[in-house]
Amino acid sequence: MKKIITLSFLLILVTMNSQQKQLPFFEIGSYSSDYSPTNIVSRMIEGLGYRFYWATESLLEKDLNYKPSDDSRSTFEVIKHIYDLSSAMVLTMEGKEVTYDQDKLSYEALREKTLNNLLAVYQSLKDIKDFSSLTIILNRNGEKMTFPFWNMINGPISDAIWHSGQVVANRRASGNPINPKVNVFIGKTMP
């Protein structure tokens, strides 16, 4: 009996630990009946998060190094770019100047940080009542440029969706396609 209790306790700890490590956007939540601007942008972020989650799930070294041509980015470099785009989104939501992280991060760290950045954007959208109050502030070699939130939609958000598809295409070409049960239309992975 003591062994059963000990095993049950260990199983509960392992389950709790794996749940704590679950990254965001494993699936998309239920949708709102209200088509407010905030809800629409929030849903775009959820769609991006879900696509990125599954595009980058269990990539192998050969997948990360894959380049469709000599003059294109490797899959790892595309993931780094998506991370930079997600960082720009977070900084914009915080009203800060967009700067790019020059740290060398592993695939696992880039994936986790990107998903958590998207979660931070998603959560901060709940507090936005007027998108005209948000501006993107870029600093390119000391020259500051500001743009309205419209540029966030056709810029970093759309670009990150685009590049998530690029990761999917690259991994298919390198012989490791995404889970065929991923359903981006429903936002869930089918059983």
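Using a distance-only test at 3.5 Å, with no hydrogens or angles considered, a donor-acceptor pair links the side chain of K188 to the main chain of I28. Distance alone, capped at 3.5 Å, places no donor-acceptor pair between the S158 side chain and the G155 backbone. Proximity of a side-chain donor or acceptor of N39 to a complementary backbone N or O of D34 within less than 3.5 Å is detected. At least one donor-acceptor pair closer than 3.5 Å links the side chain of K62 to the backbone N or O of S174. Using a distance-only test at 3.5 Å, with no hydrogens or angles considered, no donor-acceptor pair links the side chain of Y66 to the main chain of G175.
For the atom pair CG (L59) and CD1 (I178), the distance works out to 10.5 Å, reported to the nearest 0.5 Å. Summarising the geometry, atom CG belonging to N176 is positioned 10.0 Å from atom CD belonging to E57; distances are rounded to the nearest 0.5 Å. With rounding to the nearest 0.5 Å, the separation of CG in D127 from NZ in K129 is 7.0 Å. A distance of 6.0 Å separates OG1 of T56 from CD1 of I79, quoted to the nearest 0.5 Å. Here D84 contributes atom CG and T114 contributes atom OG1; the two are 8.5 Å apart, rounded to the nearest 0.5 Å. The CG atom of L118 sits 11.5 Å away from atom CG of L23, with the distance rounded to the nearest 0.5 Å.
Judged purely by distance below 3.5 Å, without hydrogens or angles, the side chains of D71 and S69 pair a donor atom with an acceptor atom. Checked by atom type, the side-chain pair D130/S132 shows a donor-acceptor distance below 3.5 Å.
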*Determine, stepwise, if the pair L85 / H163 fulfils side chain to side chain contact (heavy atoms under 4.5 Å, CB included).*
CA-CA 10 Å; L85 294 168; H163 288 300; 4.3 Å; yes
*Please walk me through it: do H81 and D159 pass side chain to side chain contact (heavy atoms under 4.5 Å, CB included)?*
CA-CA 10 Å; H81 180 58; D159 200 28; 3.1 Å; yes
_Intermediate values then yes/no, salt bridge (charged side-chain N to carboxylate O under 4.0 Å, His left out), R43 and E46_ = CA-CA 5 Å; R43 194 60 167 198; E46 281 185 294; 3.4 Å; yes
*Passes side chain to side chain contact (heavy atoms under 4.5 Å, CB included), M89 versus L48? Steps please.*
CA-CA 12 Å; M89 291 178 219; L48 165 57; 3.9 Å; yes
*Carefully, step by step, assess R171 and T75 under the rule side chain to side chain contact (heavy atoms under 4.5 Å, CB included).*
CA-CA 8 Å; R171 72 180 293 167; T75 301; 5.8 Å; no
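Of all heavy-atom pairs spanning I82 and S164, the tightest one is CD1-N, 3.7 Å. Nearest heavy atoms, V167 versus A55: CG1-O, 3.4 Å. The two atoms that bring A109 and L105 nearest to each other are CB-CB, 4.2 Å, heavy atoms only. Taking both residues in full, the closest heavy atoms of E77 and S72 are given as OE1-O, 4.4 Å, listed atom of the first, atom of the second, then distance. Heavy atoms only, all atoms of each residue included: Y50 and V182 are closest at OH-CG1, 3.6 Å. Nearest heavy-atom pair across P148 and I136 is O-CD1, 4.0 Å.
Here the side chains of E94 and L91 are in contact, with some heavy-atom distance below 4.5 Å. Between F52 and R111 the shortest side-chain heavy-atom distance falls below 4.5 Å. Side-chain contact between L64 and S74 is absent, with no heavy atoms from C-beta onward closer than 4.5 Å. Between L125 and F131, some side-chain heavy-atom pair lies under the 4.5 Å cut-off. Contact of the T99 side chain with the N139 side chain is not registered, since no non-hydrogen atoms from C-beta on lie closer than 4.5 Å.
Hydrophobic cluster membership is shared by I157 and W150, with clusters built from Ile, Leu, Val, Met, Phe, Trp and Tyr side chains linked at under 4.5 angstrom. Criterion: ILVMFWY side-chain heavy atoms under 4.5 Å apart, direct or through other members. Under it, M145 and I153 are part of a common hydrophobic cluster. In the hydrophobic clustering of this structure, I137 does not group with I128; members are Ile, Leu, Val, Met, Phe, Trp, Tyr whose side-chain heavy atoms approach within less than 4.5 Å, directly or through other members.
Under the 30°/60° scheme for interplanar angles, the aromatic rings of Y122 and F25 are found to stand perpendicular.
Counting heavy-atom neighbours within 6.0 Å of K96 NZ, excluding the residue itself, gives a total of 12 or less.
With sequence neighbours excluded, the residues satisfying ring pair (Phe, Tyr, Trp, His ring centres under 6.0 Å) with Y53 are F26.
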